[in-house]
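Atoms within each ligand, like the ligands themselves, are counted from 1 in listed order.
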Amino acid sequence: MKCADAFRSRTVTAPLVTEIARSLSRPVRIMEVCGTHTMSIFRHGIRSLLPEGITLLSGPGCPVCVTPADHIDAFLAAAERSEVTIATFGDLIRVPGSRGSLAEARSRGARVEIVYSPMDALVLAKKEPERMVLFPAIGFETTAPTIAATILQAERLGIENFVIIAACKTMPQALETLLTDPELRIDGLLCPGHVSAIIGSNAYLPFAERHRLACAVAGFEPADILAGLLSLVRQINAGEPQVENCYTRAVTAEGNTTAQKMIGQVFAPADSPWRGLGTIAGSGLVLRSRYQRFDGMIRLGLSVQPAQEPKGCRCGAILKGRLLPPQCPLYGTACTPLQPVGPCMVSGEGTCSAYYRYSGPTRQS
Ligand code: SF4
């Protein structure tokens, strides 16, 4: 806690805020693409500290939020099988697909257990060899190594009643797609700290070089985020976009090469559908053929069927940075954290949930 205090102290943050205001010479639009950044920005009131000319947009950085309804439906179809136990991260269970959520399936008798890591799901499979334990493998590069490690462990231990539905996504391809959106018009990118710890800060060089986008890798404490924003404002002012790593205590230029190798050993890149962004080439991770016996879609004979997103929900536009949550007609009325309509209101890292929790239910027309 003492360590975190140093990054929250006004002695450290106030000069950064002053310097951001002093350095800003024109209005700028900055996107953060990490749900943990979104929550930290709201929790610490960082928006209220910034000068008016800075617009912060949230991008597709919440893994639950970018998982489309058709994948949720596939998890539901698995849950409805009497021999299957779903072992899932807690924030997924309330996310609605087109036929309801895993929480609703559980209330109808499906076996849905909350776990804190894929290894917990493997332990469950070992304990209950008569059941098939399925882990819905959602997440980004941050989660993929632990899922890969779990598959390798299942292979080592000869556990055959553990499967996943591979739905992990990779961030650079999604950013590439976002940057081709002419309506987005962002000047700078607050690069995700967790993902960057795995892929390394060099992964953003193409965005600075090819798209002339200022990039700063930042951690999650107020001083980290403000230092990242200051770096971006300075880069934008100077007209010299680059990649600055402001989170050197966790992120290196090359990233975690051991984790990268583990991902590459178990998974192969594939096209993947993102809520709001459509299918993005090479942005997903599927099991390599050697590990297909751990593929729940194959083992349970499931398929992904096209599904309707929740009616009236604007999560797609919010994940693309085109809308702010209060601009959704359902925000704070039909959609609240207690009765969420879309995933961005369900997840603890969702933008709508962050807005509601820290700014209240008022809707803007
Ligand atoms: Fe979807 Fe609710 Fe957010 Fe609207 S407020 S975009 S319905 S999650």
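Of the protein's heavy atoms, Cys335 SG, 2.3 Å lies nearest to atom 2 (Fe) of ligand 1. What sits closest to atom 4 (Fe) of ligand 1 on the protein, heavy atoms only, is Cys328 SG, 2.3 Å. Given atom 3 (Fe) of ligand 1, the protein heavy atom at minimum distance is Cys352 SG, 2.4 Å.
When distances to atom 1 (Fe) of ligand 1 are checked against a cut-off of 2.8 Å, Cys313 contributes an N, O or S atom below that limit.
Of the charged side-chain nitrogens involved, at least one lies within less than 4.0 Å of a carboxylate oxygen, so that Glu176 and Arg210 count as a salt-bridged pair. Using a 4.0 Å cut-off between charged side-chain N and carboxylate O, Asp224 and Arg249 make a salt bridge.
Here the two rings, on Tyr291 and Phe267, have centers that are 6.0 Å apart or farther. Separation of the Tyr355 and Phe42 ring centroids falls under the 6.0 Å cut-off.
Residue Pro325 places every heavy atom at 4.0 Å or more from ligand 1.
Every atom of ligand 1 with a heavy atom of Ile318 under 4.0 Å away is listed here by number and element: 6 (S). Numbered from 1 in the order shown, with element, the atoms of ligand 1 that lie under 4.0 Å from a heavy atom of Cys315 read 1 (Fe), 6 (S), 8 (S). Atoms of ligand 1 lying under 4.0 Å from at least one heavy atom of Gly342, given by number and element, are 1 (Fe), 8 (S).
Side-chain N/O atoms of Ser303 and Gln305 include a donor and acceptor closer than 3.5 Å.
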